Amino acid sequence: MRILLVEDDRLLGDGIRAGLLQAGFAVDWTQDGRAAELALAGESYEAVVLDLGLPRLSGMEVLARLRAARNPVPVLILTARDTVPDRIAGLDAGADDYLVKPFDLGELQARLRALIRRGNSQAEPLLERDTLVLDPAARSVSWEGRPVELSAREFAVLHALLLNAGRVLSKAQLEEKLYGWGEEIESNAVEVFVHHLRRKLSPELIRTVRGVGYMIPREAG
Ligand code: CA
């Protein structure tokens with residue numbers, strides 16, 4: 001689950017980034033509006049955390065351009081002051097949610113999980129498939145009623161495949177969801193994670209679509 005964080009306050013940005021990484025998100029962090037615009041044009045994100053007061057291009061302008069380009073990515077705005085007109089303007093410009101600074105990191109993580117769920121047309125907080133249950137908030141997985149220990153990356157691969165059940169995700173698409181900027185990607189990393197998931201869960205759960213990628217079918221069997 002890859003997030004774009006747009007925040008020019010170094011201390012705050014650093015804290016938010018650390019909190020999101022700890023919650024298992026991959027994070028790209030930009031500190032001005034133009035850099036955010038470039039990132040959004042070139043990468044695909046599960047959600048954007050957008051400060052409004054930014055150098056070079058304001059958060060409102062970034063948001064307006066994003067929506068004008070018909071990019072549907074969920075956006076949560078951070079407003080510095082608890083002023084109603086700010087929030088109304090942000091929501092009317094296409095933001096999906098907002099938080100007023102100072103805010104609780106746990107609440108930010110929970111709101112992002114909710115936005116990502118809605119962005120994937122999923123109402124239920126738990127993801128289930130046959131006897132598999134994945135809880136994004138607790139970051140836990142169980143299979144046939146017993147808990148299964150997964151690494152952070154294994155969890156992220158499984159989460160992405162479940163959110164996209166019935167659709168094939170290519171290796172490149174999965175890598176994009178797993179890694180932020182500057183993170184080393186080993187060439188066969190995705191294959192290794194899938195291999196581990198099959199061993200820990202079930203060999204049949206994740207299908208390989210030759211030459212295309214991986215998928216978890218929508219229906220059982
Ligand atoms: Ca700011």
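Order of listing sets the numbers, starting from 1, for every ligand and every atom in it. Because the structure is predicted, anything quoted here is derived from the model rather than measured.
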**Asked** Are any of the side-chain nitrogens in Glu183 or Arg153 under 4.0 Å away from the carboxylate oxygens of its partner?
**Response** yes
**Request:** Look at Arg2 together with Glu43 and state whether they make a salt bridge at an N to O cut-off of under 4.0 Å.
**Result:** yes
**Message:** Any carboxylate oxygen within less than 4.0 angstrom of a Lys/Arg side-chain nitrogen, looking at Glu46 and Lys177?
**Reply:** yes
**Message:** Below 3.0 Å, which protein N, O or S atoms neighbour the Ca ion (ligand 1), ignoring water?
**Reply:** Asp8 OD1, Asp51 OD2, Gly53 O
**Message:** One thing to verify: whether Glu7 and Lys101 come together as a salt bridge, which I'm taking to mean a side-chain N less than 4.0 angstrom from a carboxylate O.
**Reply:** yes
**Item:** Sidechain N-carboxylate O distance under 4.0 Å for Arg17, Asp9
**Value:** no
**Message:** When you compare the side chain of Arg118 with that of Pro74, does any pair of heavy atoms fall below 4.5 Å?
**Reply:** no
